[in-house]
Visitor: 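First the structure, which I've put down as structure tokens, then a few questions once you've had a look.
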Amino acid sequence: MSPKFKNPRAKHNFQGRSCSITGVGSYVPEKVLTNADLEKMVETSDEWITSRTGIKERRIAAANEFTSDLAAKAAAKAMKMAGVTADQIDLIIIATLTPDMPFPSTACLVQRKLGAMHAAAFDLEAACSGFIYALEVGQQFIMSQTYETVLVVGAEKLSSIVNWKDRNTCVLFGDGAGAAILQHRPNSHGLLTAVMGADGNKAELLSMPGGGSACPATAASVAAGLHHLRMDGKETFKNAVNAMVSAANEAMRRCDIDITKIKCVIPHQANRRIVDAVSDRLKAAPEQLFINLHKYGNTSAASVAIALDEAITSGRVARGELILLVVFGAGLTWGAAVIEW
Ligand code: UT7
């Protein structure tokens with residue numbers, strides 16, 4: 001069943017005020033884990049991983065490198081592009097499902113690393129949809145004139161929650177971070193609309209059951225593998241395609257545009273077959289698609305954030321052109337955003 005969307009407000013543009021993305025940046029750890037490396041760890045093959053997912057390699061953070069480190073490095077690049085200093089940042093939102101620790105928030109740890117001591121800071125958890133959720137939340141503060149400069153980051157160290165003995169999941173995920181600076185700029189648009197959705201009835205499809213109030217860490221919970229990510233891949237796949245297509249169509253409808261007006265479609269980088277099914281149904285041409293999942297695998301909240309940075313810095317999109325982001329993740333959650341770069 002395709003999701004329905006409430007609040008069909010048109011473009012985000014209140015009384016002439018809009019939310020621009022003035023800088024983007026990304027960071028991935030140095031260590032590369034290839035499909036050949038995984039062949040030595042679990043019963044799998046480069047052929048299976050490539051044909052079922054499109055992934056060839058992923059990045060793995062060092063033991064002493066945490067989500068906050070990846071986030072701070074991506075943020076520093078976005079701040080440089082935007083020409084923003086740490087003390088100008090009013091708010092830091094970190095989208096992640098792999099915080100450094102349950103509390104304090106990773107956003108507070110990033111604040112300290114950046115020296116952004118005038119900023120408010122909090123984490124946002126919407127799994128792989130987190131970056132779009134965070135963009136939408138961040139832009140509300142710009143539109144309402146509460147804040148001038150908001151830093152939004154999608155960052156993950158998924159290698160810390162993957163079960164490296166489970167071939168069904170361990171081949172899929174990687175670590176990384178992507179960041180954006182949100183500000184109001186007269187005569188410039190940026191985030192035109194963002195759509196968000198969720199279906200908690202399907203929470204069990206993709207989850208990590210242990211470590212929260214429902215299942216605190218005990219020797220038994222660790223032994224039962226409850227602190228690892230688990231996924232019903234086939235059901236997740238089906239839900240992903242339907243929700244991403246609906247969200248993307250809703251975002252374009254709100255902006256009164258069709259797919260031909262989009263220069264670059266950036267889907268959540270989970271699986272090449274999901275990307276192809278979504279782009280077929282959206283009637284997107286192959287040259288409109290931005291894909292980097294062969295290099296990084298699924299980096300959850302960082303996925304479209306890294307891809308957005310790479311699409312912009314590689315020149316795939318020029319100023320004034322339209323980008324469609326579309327995401328899906330645990331929760332279930334999903335979303336789409338239209339950005340005028
Ligand atoms: O980021 C949030 C969103 N995440 C997603 O959207 C992920 C959605 N799901 C998927 O991408 C796919 O479902 C997977 C890539 C996870 C799996 O692909 P699939 O075509 O659905 O494969 P499957 O789960 O049906 O498994 C097919 C076979 C099974 O063997 P049997 O039972 O048919 O004998 C698996 O045991 O492939 C086997 N298999 C593997 N074989 C080699 C599963 N993982 C592997 C592996 N290497 N790594």
Side-chain angles (χ1 to χ4, degrees), residues 3 33-58 95-98 125-133 154-159 161-176 178 196-200 202-208 228-248 266-281 291-294 296-307 325-336:
L33 185 73
T34 64
N35 291 350
D37 296 328
L38 280 162
E39 285 176 354
K40 295 177 201 132
M41 296 162 62
V42 286
E43 200 183 326
T44 190
S45 64
D46 174 48
E47 196 284 319
W48 191 96
I49 302 170
T50 307
S51 63
R52 297 293 178 112
T53 73
I55 299 165
K56 297 299 278 183
E57 57 190 43
R58 65 289 292 144
T96 187
L97 55 75
T98 49
E125 207 278 87
C128 303
S129 307
F131 189 67
I132 285 184
Y133 269 63
E156 303 285 9
K157 184 175 176 178
L158 291 163
S159 59
I161 60 164
V162 159
N163 178 355
W164 290 103
K165 293 189 173 125
D166 175 15
R167 70 176 183 172
N168 290 292
T169 52
C170 76
V171 303
L172 304 174
F173 298 98
D175 302 335
M196 303 187 290
D199 181 0
K202 295 179 180 158
E204 284 73 28
L205 285 185
L206 180 49
S207 70
M208 189 176 80
H228 291 305
L229 169 162
R230 42 179 71 185
M231 175 169 70
D232 177 341
K234 271 205 186 324
E235 274 307 304
T236 305
F237 191 118
K238 276 190 252 166
N239 281 278
V241 174
N242 286 336
M244 289 169 78
V245 170
S246 295
I266 303 181
H268 175 43
Q269 309 281 315
N271 184 320
R272 180 65 209 235
R273 290 184 296 139
I274 295 177
V275 170
D276 289 343
V278 170
S279 71
D280 275 0
R281 284 175 53 183
I291 294 169
N292 63 9
L293 62 83
H294 52 289
Y296 307 133
N298 181 350
T299 57
S300 189
S303 163
V304 292
I306 297 171
L325 301 184
V326 54
V327 295
F328 179 84
L332 299 174
T333 55
W334 53 84

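No hydrogens, no waters, no symmetry mates; every other heavy atom, side chains included, goes into these values. We count ligands from 1, going down the list as the structure has it; atoms in each ligand are counted the same way. The first residue in the sequence is number 1, and the count goes up from there.
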Visitor: Looking at OG1 of Thr96 and CD of Glu156, how far apart are the two atoms once the value is rounded to the nearest 0.5 Å?
Guide: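 Answer for the OG1-CD pair, Thr96 versus Glu156, is 3.5 Å.
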Visitor: Where the closest heavy atom to atom 23 (P) of ligand 1 is concerned, which of Gln269, Met231, Lys234 has it?
Guide: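 Result: the heavy atom closest to atom 23 (P) of ligand 1 is in Lys234.
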Visitor: State if Leu172 counts as touching ligand 1 under the rule of any non-hydrogen atom under 4.0 Å.
Guide: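 Yes, Leu172 has a heavy atom closer than 4.0 Å to ligand 1.
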Visitor: Measure the distance from atom 18 (O) of ligand 1 to every protein heavy atom, then report the residue, atom name and distance (to 0.1 Å) of the closest one.
Guide: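 Answer, as residue, atom name and distance: Arg273 NH2, 3.3 Å.
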Visitor: Is Thr236 close to ligand 1, meaning an N/O of one under 3.5 Å from an N/O of the other?
Guide: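 Between Thr236 and ligand 1, no N or O pair is found under 3.5 Å apart.
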Visitor: Looking at Lys56 and Asp46, is any side-chain nitrogen of the basic one under 4.0 Å from a carboxylate oxygen of the acidic one?
Guide: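 Yes, Asp46 and Lys56 are salt-bridged.
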Visitor: Regarding ligand 1, does Cys128 bring an N or O atom to under 3.5 Å of one of the ligand's N or O atoms?
Guide: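 Such a contact does not occur with ligand 1.
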Visitor: Students should be able to answer this: which protein heavy-atom is nearest to atom 39 (N) of ligand 1, and at what distance?
Guide: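 Nearest neighbour among protein heavy atoms for atom 39 (N) of ligand 1, to 0.1 Å: Trp48 CZ2, 3.4 Å.
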Visitor: Is Ile49 close enough to touch ligand 1? Criterion: a residue heavy atom under 4.0 Å from a ligand atom.
Guide: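 It does not; every heavy atom stays at 4.0 Å or beyond.
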Visitor: Under a 4.0 angstrom heavy-atom cut-off, which atoms of ligand 1 come close to Asn271?
Guide: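 Atoms satisfying the 4.0 Å criterion: 10 (C), 11 (O), 12 (C), 15 (C).
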Visitor: When you look for heavy atoms under 4.0 Å from ligand 1, do you find them on the side chain of Thr169, its backbone, both, or neither?
Guide: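 Neither part.
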Visitor: Between the side chains of Asp37 and Thr34, is a donor N or O closer than 3.5 angstrom to an acceptor N or O?
Guide: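 Asp37 vs Thr34: donor-acceptor pair found between side chains.
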Visitor: Can Arg281 and Asn242 be counted as having a side-chain donor-acceptor contact under 3.5 angstrom?
Guide: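 A pair is found: one side chain offers a donor N or O, the other an acceptor, under 3.5 Å apart.
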